[in-house]
Amino acid sequence: MQDRRDYLRLMGGAFALSLLARSEPVRAVTGPPPMPDAKQFQSGDFLWPKKPGVFVPYDAGSPRPVDADKVKWYEERDRFIANVANRAPYFTPAQTERMRKLTYEEFRERYTGTRKPGGGTYSVSGPIYVGHVAIIDIDEAGAPWIIEALWGRGVIRRPYTDWTTERAGEVVWLGRLAKLSVADRAKIPAESRKHVGKSYDFWNFNLNDDTGFYCTKLAWMSAFRSLNIAVDDDLNPKRAFWFSPKQLLYVARVTRLIDPGPYGTR
């Protein structure tokens, strides 16, 4: 009798397996995730877009080969050094000399914050990507807008739908400054709107100078002026190196609401 029960159990298991074999196979989802749903947004949130596996110039500007990007960076570095007395009068002689000796490779490795100089490429799965960050602004009707500083375009404000169309196929992180009220966070884009139309300036190191912006500088200054906080907990705006999008993504004050993975490995 026991042998018969064991036989029936085995047959039942085989029947169940046969049914599973006939069911539709589970297909893995490939490609980048969809753009974030605007219903998740609050004014003052941040978005970090990233093109997977694509080389992006240091200023996140128009596409150019790596060699051309390197030449352009050295030209701009030398121009900055020649005018440092006007561009960054607070630079000490030691800071100026460090900038003079800074190589393109050292700049990218430090700016991306992933490897020590000489440690190889930025991403384990693709070419270097410098990064970008944008600020979310919800209008009175509840529609989301994006405020950002872009190479060749300066500080702009546009509908989120336009932003997603331009960045189709990109991976996007969503972050929010923690321990702040909704009303306080809304002060960040309110400050950013004051600077729409101003120029893009990757070599303006004073984070509280509003004559020109790169993307993360706009985010830092908007929070600093509207809330009297430094998002990276460094209240000195007179920097000698850039504050990068990846630094902002991983500061203690930011809660990542959408996190597709380590920034730089997607």
Return yes if some donor-acceptor pair links the side-chain N/O of [X] with the main-chain N/O of [Y] below 3.5 Å, else return no.
X: K238; Y: P89; value: no
X: T255; Y: A178; value: no
X: S244; Y: Y111; value: yes

Among all residues two or more places apart in sequence or in another chain, which pass the salt bridge (Lys or Arg N to Asp or Glu O under 4.0 Å) test with [X]?
X: R158; answer: E148, E166
X: R185; answer: none
X: D233; answer: R253
X: R79; answer: none

For K70 and D67, run salt bridge (Lys or Arg N to Asp or Glu O under 4.0 Å): C-alpha distance rounded to whole Å, both residues' side-chain angles, the deciding distance at 0.1 Å, then the answer. CA-CA 5 Å; K70 184 175 181 177; D67 289 345; over 6 Å; no
Answer yes if [X] and [Y] sit in the same cluster of Ile, Leu, Val, Met, Phe, Trp and Tyr residues linked by side chain heavy atoms under 4.5 Å apart, and no otherwise.
X: V71; Y: Y104; result: no
X: V182; Y: L227; result: no
X: V254; Y: L180; result: yes
X: L150; Y: W73; result: no

Could you tell me whether the side chain of [Y] reaches within less than 4.5 Å of the side chain of [X], counting heavy atoms only?
X: I146; Y: I135; answer: no
X: V133; Y: L249; answer: no
X: W242; Y: W203; answer: yes
X: I81; Y: T96; answer: yes

Identify the two heavy atoms, one from A240 and one from Q95, that lie closest to each other, and give their separation to 0.1 Å. CB-NE2, 3.6 Å
For L102 and R77, the nearest pair of non-hydrogen atoms, with its separation, is O-NH1, 2.9 Å
For N236, look at atom CG and say whether over 12 heavy atoms of other residues, nucleotides or ligands are found less than 6.0 Å away. yes
With sequence neighbours left out, which residue pairs that include part of residues 81-90 fulfil the side chain to side chain donor-acceptor pair (under 3.5 Å) condition? R87-D201
What residues form a side-chain contact (heavy atoms from CB on, under 4.5 Å) with D139, not counting sequence neighbours? A141, A143, W145, R157
Reference residue F41; test ring pair (Phe, Tyr, Trp, His ring centres under 6.0 Å); the match among F46, W163, Y160: Y160
Step by step, work out the salt bridge (Lys or Arg N to Asp or Glu O under 4.0 Å) result for K194 and D210. CA-CA 10 Å; K194 298 176 184 177; D210 60 14; over 6 Å; no
Between K72 and E75, is the salt bridge (Lys or Arg N to Asp or Glu O under 4.0 Å) condition met? List the steps. CA-CA 5 Å; K72 184 175 186 290; E75 288 175 349; over 6 Å; no
